[in-house]
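Have a look at this one.
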Amino acid sequence: MQGPTHFIRHYASHHCQCQYDNNNNDDIDISRHLSQDHLQDIFNDSIRSTFSRHEHPALDTTRYKYYDPVKDSDHTESQPWKETPFGYDQVHVIEWVVDSCPASKLSHYLPQLVPPMLLIIDDYDVDYKVRGVHILHRLIKKISVDNDPTLRRVDNVFIATLFNCLTYLSNQSHIPLLEASYPCLMDLISKTKASGTKQRAELFEKIMVNGILLGLQYGQSTSNVRQVLFEQLPRIYTEMNVLGVQYLKVILTALTEALAVPNIQFNKITLNALQSIIKVCWPRIPNYHGIILTGLATSWQSYYEQDKNQEMCHLLKETFKIYRSACKGIENADIDALLELNHSVYSVLVK
């Protein structure tokens, strides 16, 4: 039985005057009843009481001017919200609130959700951080900003917290946090910052600099971290548009180097990212035609000559066509040299 289910059954049997019989009532009915009639009590009796001992540094206005939120904060000490005496912790309670409440009611309670969610996402335990980011992402998808500006009032503090999550790069246990944080952050920016605005483009550029480039420089030299980073590139480049041109050399070098390592899933993601970048930045692609051709040729040789993988060969030929349409003939001399090197292998790619 999962944590949220433990919570609704325990709360209904111990705190609800309606005296639900846990054995004879459906969990969905119990959950619906609690969300309709007891939500404020749950905030008061459960969530607020366990999170009230500490305030997240970003929300604490009483701190002195030179307060360091990392060195001086005590918000990670004595954390009763992690305790599970009845098979659930308070993260499960917040998860239940976000999943069970209608969007309109969720917007109303958002100010009460912000402080505990910040504490969860900024916790020292990566597992709790991941849980917090997943809950935030579900909340972002659920709340509409068209008629309710509530999310826009608190978006910047969550954006700052999520950017911090992108710096977790030192070991394999951080990969789930990266996988959760990138789409959550991008969805939050897309939902609260108007399309086509300078602010939105600059935030996506910040994801490139403080996330992708940082990850390529300091992340583990494994395909797992780079795979997560490459998965984000199509959306980032689409949002950055011309701002992405200045990062082409670093990004294209990383992508083509990745193609030199045969790994079907990783190479699929890499080629998808490469196609997207070529389509967005096509006027500048001729400047990098040699780097791209080298990566495609190396990968083609592996999948055509050695593995005979038809799916990858098709994807490589598709990428090659996109590449040639952007280069507009400047690549012809290099392609002729490639054919001269091994006509039987590369003629199938070129035709």
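Throughout, residue positions are numbered sequentially from 1 according to the sequence presented.
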Quick check for you: to the nearest 0.5 Å, what is the distance between Ile159 atom CD1 and Thr192 atom OG1?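 Nearest 0.5 Å value for the CD1-OG1 distance: 4.5 Å.
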Among side-chain atoms of Gln265 and Gln227, is any donor-acceptor pair under 3.5 angstrom?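 There is no such pair (donor and acceptor under 3.5 Å, judged by atom type) between the side chains of Gln265 and Gln227.
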Closest heavy-atom contact between Ile121 and Gly132?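 Heavy-atom minimum between the residues: CG1-C, 3.6 Å.
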For residues 170-202, which residue pairs pass the ring-ring contact (aromatic ring centres under 6.0 Å, His included) check, not counting sequence neighbours?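 Sorted result for residues 170-202: Tyr168-His174.
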Look only at the side chain of Thr167 and the backbone of Phe163, and say whether a donor-acceptor pair between them is shorter than 3.5 Å.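 Side chain of Thr167 to backbone of Phe163: no pair is present.
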Lys NZ or Arg CZ of Lys308 over Tyr304 ring: under 6.0 Å, within 45°: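 The answer is yes, since Lys308 meets both limits relative to Tyr304.
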Can you find a pair of side-chain heavy atoms, one from Pro116 and one from Ile94, that are under 4.5 Å apart?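 A side-chain contact exists here, since the closest heavy-atom pair is under 4.5 Å.
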Does Lys317 make a cation-pi contact with Tyr303 (under 6.0 Å, within 45 degrees of the axis)?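 No cation-pi geometry.
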Looking only at heavy atoms, what is the nearest atom pair of Leu259 and Gly295, with distance?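 The answer is CB-O, 3.7 Å.
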Sub-4.5 Å side-chain heavy-atom contact between Asn272 and Pro234: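 A side-chain contact under 4.5 Å exists here.
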Any donor-acceptor pair under 3.5 Å from Ser299 side chain to Leu296 backbone: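 Checking the backbone N and O of Leu296 against the side chain of Ser299, no donor-acceptor pair under 3.5 Å is found.
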Ion pair present between Asp155 and Lys191, side-chain N to carboxylate O less than 4.0 angstrom?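 Lys191 and Asp155: not salt-bridged.
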Side-chain contact test, heavy atoms from C-beta onward, threshold under 4.5 Å: evaluate it for Ile47 versus Val97 and give yes or no.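 Yes, close enough: below the 4.5 Å cut-off.
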Under 3.5 Å, side chain of His314 to main-chain N/O of Glu311, donor-acceptor pair present?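 Such a contact is absent between His314 side chain and Glu311 backbone.
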Kindly indicate whether the side chain of Trp300, heavy atoms from C-beta on, has any atom under 4.5 Å from the side chain of Val348.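 With C-beta onward as the side chain, the pair touches.
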If I take atom CG from residue Leu213 and atom CD from residue Glu205, how far apart are they, to the nearest 0.5 angstrom?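 Rounded to the nearest 0.5 Å, the CG-CD separation comes out at 9.5 Å.
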Does Lys105 NZ have over 12 foreign heavy atoms under 6.0 Å away?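 Atom NZ in Lys105 is packed in, count exceeds 12.
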Is any side-chain heavy atom of Asp123 closer than 4.5 Å to one of Trp81?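 Yes. Closest side-chain heavy atoms under 4.5 Å.
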Are the ring centres of Phe86 and His10 closer than 6.0 Å?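 Yes, the ring of Phe86 comes within the 6.0 Å limit of the ring of His10, centre to centre.
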Without hydrogens or angle criteria, can the side chains of Gln90 and Gln79 be said to hold a donor-acceptor pair below 3.5 Å?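 No, Gln79 and Gln90 have no side-chain donor paired with an acceptor closer than 3.5 Å.
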Least distance between heavy atoms, Lys142 atom then Asp99 atom: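 Closest approach of Lys142 to Asp99: NZ-O, 3.1 Å.
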Return the set of residues passing side-chain contact (heavy atoms from CB on, under 4.5 Å) with Glu257 (not counting sequence neighbours), or none when no residue passes.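 If we apply the side-chain contact (heavy atoms from CB on, under 4.5 Å) test to Glu257, skipping adjacent residues, the hits are Thr253.
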Residue pair Val145 / Arg152: nearest heavy atoms and the distance that separates them: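 Between these two residues, the closest heavy atoms are O-NH1, 3.1 Å.
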Check ion pair Asp187-Arg235 (N to O, under 4.0 angstrom):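 Salt bridge between Asp187 and Arg235, a charged N being under 4.0 Å from a carboxylate O: yes.
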Please examine the side chains of Leu293 and Phe320, heavy atoms only from C-beta on, and report whether any two atoms are closer than 4.5 Å.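 Contact flag for Phe320/Leu293 side chains = yes.
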Distance (rounded to the nearest 0.5 Å) between Ser276 OG and Leu271 CG: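 With rounding to 0.5 Å, OG (Ser276) is 11.0 Å from CG (Leu271).
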Are any of the side-chain heavy atoms of Arg284 and Leu248 separated by less than 4.5 Å?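 Sidechains of Leu248 and Arg284: in contact.
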How long is the straight-line distance from CG of Asn44 back to OG of Ser49, given to the nearest 0.5 Å?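 So the OG of Ser49 and the CG of Asn44 are separated by 8.5 Å.
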Would a line drawn from the ring center of Tyr11 to the ring center of Trp96 be shorter than 6.0 Å?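 Ring centroids of Tyr11 and Trp96 are no less than 6.0 Å from each other.
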Within the 6.0 Å centroid threshold, strictly below: Tyr247 and Tyr237: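 For Tyr247 and Tyr237, the ring centres are not under 6.0 Å apart.
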Hey, does Leu216 have a side-chain heavy atom less than 4.5 Å from the side chain of Phe230?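 They are in contact (side-chain heavy atoms under 4.5 Å apart), so the answer is yes.
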Leu214 to Leu169 - nearest heavy-atom pair and separation: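 So the minimum-distance heavy-atom pair works out to O-CD1, 3.9 Å.
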Kindly compute the distance separating CG (Leu243) from CD (Glu202), expressed to the nearest 0.5 Å.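 CD of Glu202 is found 7.5 Å from CG of Leu243.
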Return the NE2 to NE2 distance between His92 and His6, rounded to the nearest 0.5 Å.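 Going from the NE2 atom of His92 to the NE2 atom of His6 covers 8.5 Å.
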